[in-house]
Amino acid sequence: VKRVLIIEDEARIASFVEKGLRANGMTPTVVSDGVTGLDYATTGEFDLVVLDIGLPGMDGFTVLRRLRQAQVQVPVIVLTARDSVTDTVAALEGGADDYMAKPFRFDELLARIRLRLRTERGLEVTVLLDAPLSPVGRWTCPRASSPWRRCSCAIPGRCCRASSC
Amino acid sequence: VVALTALALGGAGVAAYVVESDRVDRRAAEDLDQEISEFNQLRSQGFDPRTGERFSSVRRLMQIALERNVPDDAEVLIAWFDGAPRLVSAGPTARSVSQDAAFQDTIRPYAEGGGGVFETMTTAGRARVAVQPVQDELGQGAWVVVFLSERERAEFRAVLATYWLLALLALAAVSLGAWSVSGRLLQPLRALTATAKEASGTDLSMRIPVEGDDDVSELVRTVNAMLDRLERAFATQRTFLDDAGHELRTPVTILRGHLELLDPADPADVAATRDLLLDEIDRMSRMVDDLIVLAKAGRPDFVRISAVDPGALTDQVLGKMAATAGRDWQVDARAEGSVPVDPQRITQALTQLISNAVRHTRPGDVVAVGSDRRPGWVRWWVRDTGTGIAQEEQEAIFERFHQGTSAAGRGDGSGLGLSIVRAIADSHGGQVEVRSSPGHGATFVLSVPTGGLDDTAGRAAPNAAAALTAGEAL
């Protein structure tokens with residue numbers, strides 16, 4: 001069962017996305033602000049993140065940047081209410097795997113989520129090995145319960161899945 | 001300029017020509033008159049200097065007349081008798097003129113007839129001729145005076161030609177000068193035209209370079225300033241539309257998403273979705289209403305001033321709002337008298353502030369309203385003991401579509417409420433301020449100047465901080 005994190009402050013949007021994903025056999029979790037969202041996303045508990053850009057506390061761009069700085073490679077699909085090219089480019093360059101402009105068709109969002117979930121497995125190893133080797137300074141590994149650990153074998157100081165050590 | 005100068009120079013030339021040729025004509029007439037009268041005098045009163053007697057013959061008379069008279073260059077004197085010019089004044093011109101057969105033929109009828117004054121052509125050009133016939137005991141003949149006006153005119157023409165030459169040179173100089181000066185003067189105007197052509201709704205960024213402090217530079221500066229204002233206005237408009245579009249996308253996303261995922265076979269789902277969507281549509285239409293109010297703000301008919309009792313207005317608003325939520329409603333103060341404001345807009349602003357206060361308080365919390373007057377100003381305030389607003393957020397909350405950072409999300413607000421309050425304050429020439437700290441509630445103060453219409457007017461505007469402190473202390 002795929003776990004999907006929905007970081008969206010508008011409850012009524014989050015609710016239908018949640019409902020739709022659940023109906024399609026996934027396990028969605030909803031958080032409504034950026035700080036909590038980043039916290040959840042870095043646990044590594046999720047297979048995919050649906051990230052809104054306009055969030056209270058910390059906006060979606062910041063969440064995405066922090067996430068990638070922390071070498072968390074979970075696929076991220078950005079939701080944006082602005083159709084400006086600048087925002088799209090910023091999202092993709094910030095490390096988003098895909099984006100959806102509001103208002104969107106749920107079917108299309110679902111299709112994109114499925115596509116990312118399919119390719120994620122194959123890319124995972126490559127992505128981890130291709131990542132820059134510089135140590136991430138203040139990074140502390142997520143909760144003990146997660147499969148992520150501070151890596152002491154291949155890339156010291158970095159977090160990686162316990163299984164890859 | 002060039003045409004004007006050409007006209008002036010040409011006019012002067014023509015005028016000089018007319019005046020001068022008139023003078024030549026007059027001089028010709030005078031000269032002829034004088035010669036003829038001199039001759040007549042000699043004839044009637046003169047004596048032959050050699051004999052001391054009267055003249056014995058026409059020939060003698062004319063010979064003496066010629067001897068005595070020294071004609072100037074333009075004059076030819078001819079003594080005509082025995083059917084032809086017999087004696088002429090000295091000079092080659094005189095001879096050639098007098099020996100010309102055509103000229104003689106012209107003269108003859110006058111000389112042998114009654115005489116006269118006329119114009120004719122001679123070998124030395126156009127001339128004016130006076131013929132005085134003599135037919136008496138001395139014999140027959142005629143005294144012919146020729147005034148060669150052509151010659152006089154030729155002199156004048158030479159002067160005039162020089163004048164034309166100089167005039168043309170002057171004209172050329174003026175043209176050159178005018179061209180360079182006007183080029184310099186008109187250059188900014190051309191830049192202005194080019195810029196005005198380029199400027200469009202999408203790009204108002206260009207400005208015209210300006211230097212100097214003449215009238216044209218002033219005009220250019222004014223146009224530049226106008227472009228500045230236009231650009232700002234367009235930028236504001238664009239941001240507004242961008243924001244509005246952005247905010248309206250949220251309800252559209254909600255409507256479409258919930259409808260897409262609606263299970264028509266499930267009556268409970270249908271009922272829940274229907275309620276949710278209707279509520280969303282209400283919220284959307286409130287936002288549209290608010291957007292329209294904001295779009296109207298700044299138009300001259302946005303406020304309709306009338307005499308309003310600020311205390312009574314406070315009571316009315318509180319009376320309406322108190323029924324909507326369970327709060328500890330209080331009145332801090334009531335101002336008396338009447339002030340010139342738009343009662344509907346002020347009511348709208350206070351209603352907005354009160355519903356904000358309700359949203360950020362819990363049942364039982366204090367929500368208080370008040371009004372008071374300072375010289376030249378009237379103030380209303382709405383005070384609550386709710387969650388308060390962080391210092392760094394206190395300016396941002398007045399911006400359009402600003403959503404608080406509280407986890408409550410966007411709530412019922414369109415994100416436009418405080419923008420509308422500020423627009424109403426602005427349109428009254430007043431201001432709205434907030435004093436708050438997290439956990440200690442917030443006080444919003446709406447200050448409006450009462451201008452000369454206020455009986456207690458005259459002192460300085462209220463110090464914002466003092467006003468707020470007073471508001472909070474109340």
Side-chain angles (χ1 to χ4, degrees), chain A residues 6-26 28 30-37 39 50 52-60 62-63 77-88 99-113, chain B residues 238-266 268-270 272-284 287 387 389-390 392-393 396-397 399-415:
Chain A
I6 302 165
I7 311 176
E8 165 67 65
D9 66 321
E10 176 48 54
R12 288 174 173 180
I13 292 179
S15 70
F16 81 76
V17 174
E18 183 185 14
K19 179 180 166 190
L21 293 185
R22 203 178 294 285
N24 284 279
M26 300 176 198
V30 175
V31 294
S32 61
D33 72 290
V35 181
T36 320
D39 202 25
V50 175
D52 185 28
I53 290 300
L55 289 171
M58 182 193 288
D59 73 20
T62 314
V63 172
I77 297 180
V78 163
L79 298 182
T80 168
R82 301 198 182 262
D83 50 9
S84 77
V85 180
T86 339
D87 274 18
T88 315
Y99 80 97
M100 296 288 294
K102 289 180 192 171
F104 52 85
R105 298 173 60 99
F106 180 78
D107 288 350
E108 195 183 343
L109 176 67
L110 184 65
R112 288 180 192 241
I113 288 174
Chain B
R238 238 191 322 259
T239 318
F240 183 78
L241 283 175
D242 208 29
D243 289 349
H246 175 251
E247 289 307 312
L248 286 168
R249 282 200 174 111
T250 300
V252 171
T253 307
I254 291 168
L255 298 186
R256 126 148 255 144
H258 280 274
L259 279 175
E260 244 184 303
L261 294 170
L262 174 68
D263 177 5
D266 179 353
D269 190 25
V270 170
T273 305
R274 177 180 176 276
D275 290 349
L276 185 138
L277 295 192
L278 285 177
D279 184 55
E280 192 59 36
I281 285 171
D282 284 346
R283 191 148 69 165
M284 198 167 165
M287 187 188 291
T387 45
I389 303 148
E392 60 273 15
E393 260 209 283
I397 53 170
E399 285 165 17
R400 286 191 302 265
F401 303 118
H402 176 83
Q403 298 287 354
T405 49
S406 70
R410 65 183 177 137
D412 265 355
S414 60

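Only heavy atoms go into these numbers, but all of them, side chains included; no hydrogens, no water, no symmetry mates. Here is how names work: the chains are called A, B, and so on, in the same order as the sequence lines, proteins then strands, and each is numbered from 1. Bear in mind that the values here come from a model prediction, so they are computed numbers and not experimental data.
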What's the separation between atom [atom1] in [X] and atom [atom2] in [Y], rounded to the nearest 0.5 Å?
{"X": "B:Leu259", "Y": "A:Phe106", "atom1": "CG", "atom2": "CZ", "result": "14.0 Å"}
{"X": "A:Asp52", "Y": "B:Thr250", "atom1": "CG", "atom2": "OG1", "result": "7.5 Å"}
{"X": "A:Phe16", "Y": "B:Thr253", "atom1": "CZ", "atom2": "OG1", "result": "6.5 Å"}
{"X": "A:Lys19", "Y": "B:Leu262", "atom1": "NZ", "atom2": "CG", "result": "6.0 Å"}
{"X": "A:Arg12", "Y": "B:Asp279", "atom1": "CZ", "atom2": "CG", "result": "4.0 Å"}
{"X": "B:Arg249", "Y": "A:Thr80", "atom1": "CZ", "atom2": "OG1", "result": "8.0 Å"}

Heavy-atom pair count under 4.5 Å with chain B, highest-scoring of A:Leu109, A:Asp107, A:Thr36, A:Val17: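 Of the options given, most contacts go to A:Asp107.
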B:Glu260 side chain vs A:Arg105 backbone, donor-acceptor pair below 3.5 Å: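 A pair under 3.5 Å: no.
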Crowding at CZ, B:Arg274 (>12 non-hydrogen neighbours, <6.0 Å):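 Counting neighbours around CZ of B:Arg274, 12 or fewer heavy atoms of other residues, nucleotides or ligands fall under 6.0 Å, so no.
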